Novice: 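My questions all concern the structure below.
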Amino acid sequence: MGRSEKKTDWLGNEYIQHYDDDDNKIGTSVEKTDWYGDKYTEHRNENYEKTGTSEVKTNWRDETYTEHR
């Protein structure tokens with residue numbers, strides 16, 4: 001099942017550290033803002049390689065959902 005924990009790096013930047021069932025670090029998630037001012041979350045694996053992004057969006061019925069890429 002694993003777990004996630006909110007942390008702060010030595011520069012004061014917040015991130016989410018993800019752990020597996022054995023409490024091994026398996027990746028991180030960081031909130032970011034793109035050039036247009038839209039917020040998204042960047043996901044990285046335990047080797048700090050980018051594995052994807054998540055973004056909250058709204059459909060034509062004004063319902064929100066999270067899009068993963």
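Throughout, residue positions are numbered sequentially from 1 according to the sequence presented. All figures in this text were calculated on a predicted structure; none of them were measured in a lab.
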Novice: Measure across Gly2 and Asp21 and return the closest heavy-atom pair with its distance rounded to 0.1 Å.
Specialist: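 Scanning both residues completely, I find the closest heavy atoms to be N-OD1, 2.6 Å.
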
Novice: Does the pair Val56 and Tyr65 meet the rule for a side-chain contact (heavy atoms from CB on, under 4.5 Å), with working shown?
Specialist: CA-CA 6 Å; Val56 176; Tyr65 65 97; over 6 Å; no

Novice: Could you walk me through whether His18 and Ser29 pass the side-chain contact (heavy atoms from CB on, under 4.5 Å) test, one step at a time?
Specialist: CA-CA 8 Å; His18 305 288; Ser29 296; 2.7 Å; yes

Novice: Indicate yes or no: at least one non-hydrogen side-chain atom of Tyr48 is less than 4.5 angstrom from one of Thr28.
Specialist: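 Counting from C-beta outward, Tyr48 and Thr28 do come under 4.5 Å.
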
Novice: To the nearest 0.5 Å, what is the distance between CG on Asn47 and CZ on Arg44?
Specialist: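 One finds 11.5 Å between CG of Asn47 and CZ of Arg44.
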
Novice: Considering all heavy atoms of both residues, which atom of Tyr15 and which atom of Val30 are nearest to each other, and what is their separation?
Specialist: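 Looking at all heavy atoms of both residues, the closest pair is CB-CG2, 3.9 Å.
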
Novice: Measure the spacing between CD of Glu46 and CD of Gln17 and express it to the nearest 0.5 Å.
Specialist: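 Reported value, rounded in 0.5 Å steps: 10.0 Å.
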
Novice: Between Lys32 and Glu42, does at least one N-O distance fall below 4.0 Å, as a salt bridge requires?
Specialist: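 Looking at Glu42 together with Lys32, the answer is yes, because their closest N to O distance falls below 4.0 Å.
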
Novice: Assess the residue pair Lys6 and Glu14 against the criterion (side-chain contact (heavy atoms from CB on, under 4.5 Å)); give the C-alpha distance rounded to whole Å, side-chain angles, the decisive distance to 0.1 Å, and a yes or no.
Specialist: CA-CA 7 Å; Lys6 192 175 207 176; Glu14 292 184 348; 3.4 Å; yes

Novice: Please lay out, stage by stage, how Asp23 and Arg3 fare under the test salt bridge (Lys or Arg N to Asp or Glu O under 4.0 Å).
Specialist: CA-CA 8 Å; Asp23 219 27; Arg3 67 183 178 89; 2.9 Å; yes

Novice: With a 4.0 Å cut-off on N to O distance, would you call Lys39 and Glu55 a salt bridge?
Specialist: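 Glu55 and Lys39: not salt-bridged.
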
Novice: Of all the heavy-atom pairs spanning Tyr40 and Thr33, show the shortest one and how long it is.
Specialist: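 Heavy atoms only, the tightest pair is CE2-C, 3.9 Å.
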
Novice: Could you go step by step and tell me if Thr51 and His43 meet the side chain to side chain donor-acceptor pair (under 3.5 Å) rule?
Specialist: CA-CA 6 Å; Thr51 58; His43 307 286; 5.9 Å; no

Novice: Flag the pair Tyr19 / Asn24 as yes when at least one side-chain heavy-atom distance between them is below 4.5 Å, and no otherwise.
Specialist: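 They are not in contact (no side-chain heavy atoms under 4.5 Å apart), so the answer is no.
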
Novice: Between atom CD of Glu31 and atom CG of Asn13, what is the distance when rounded to the nearest 0.5 Å?
Specialist: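 Going from the CD atom of Glu31 to the CG atom of Asn13 covers 12.5 Å.
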
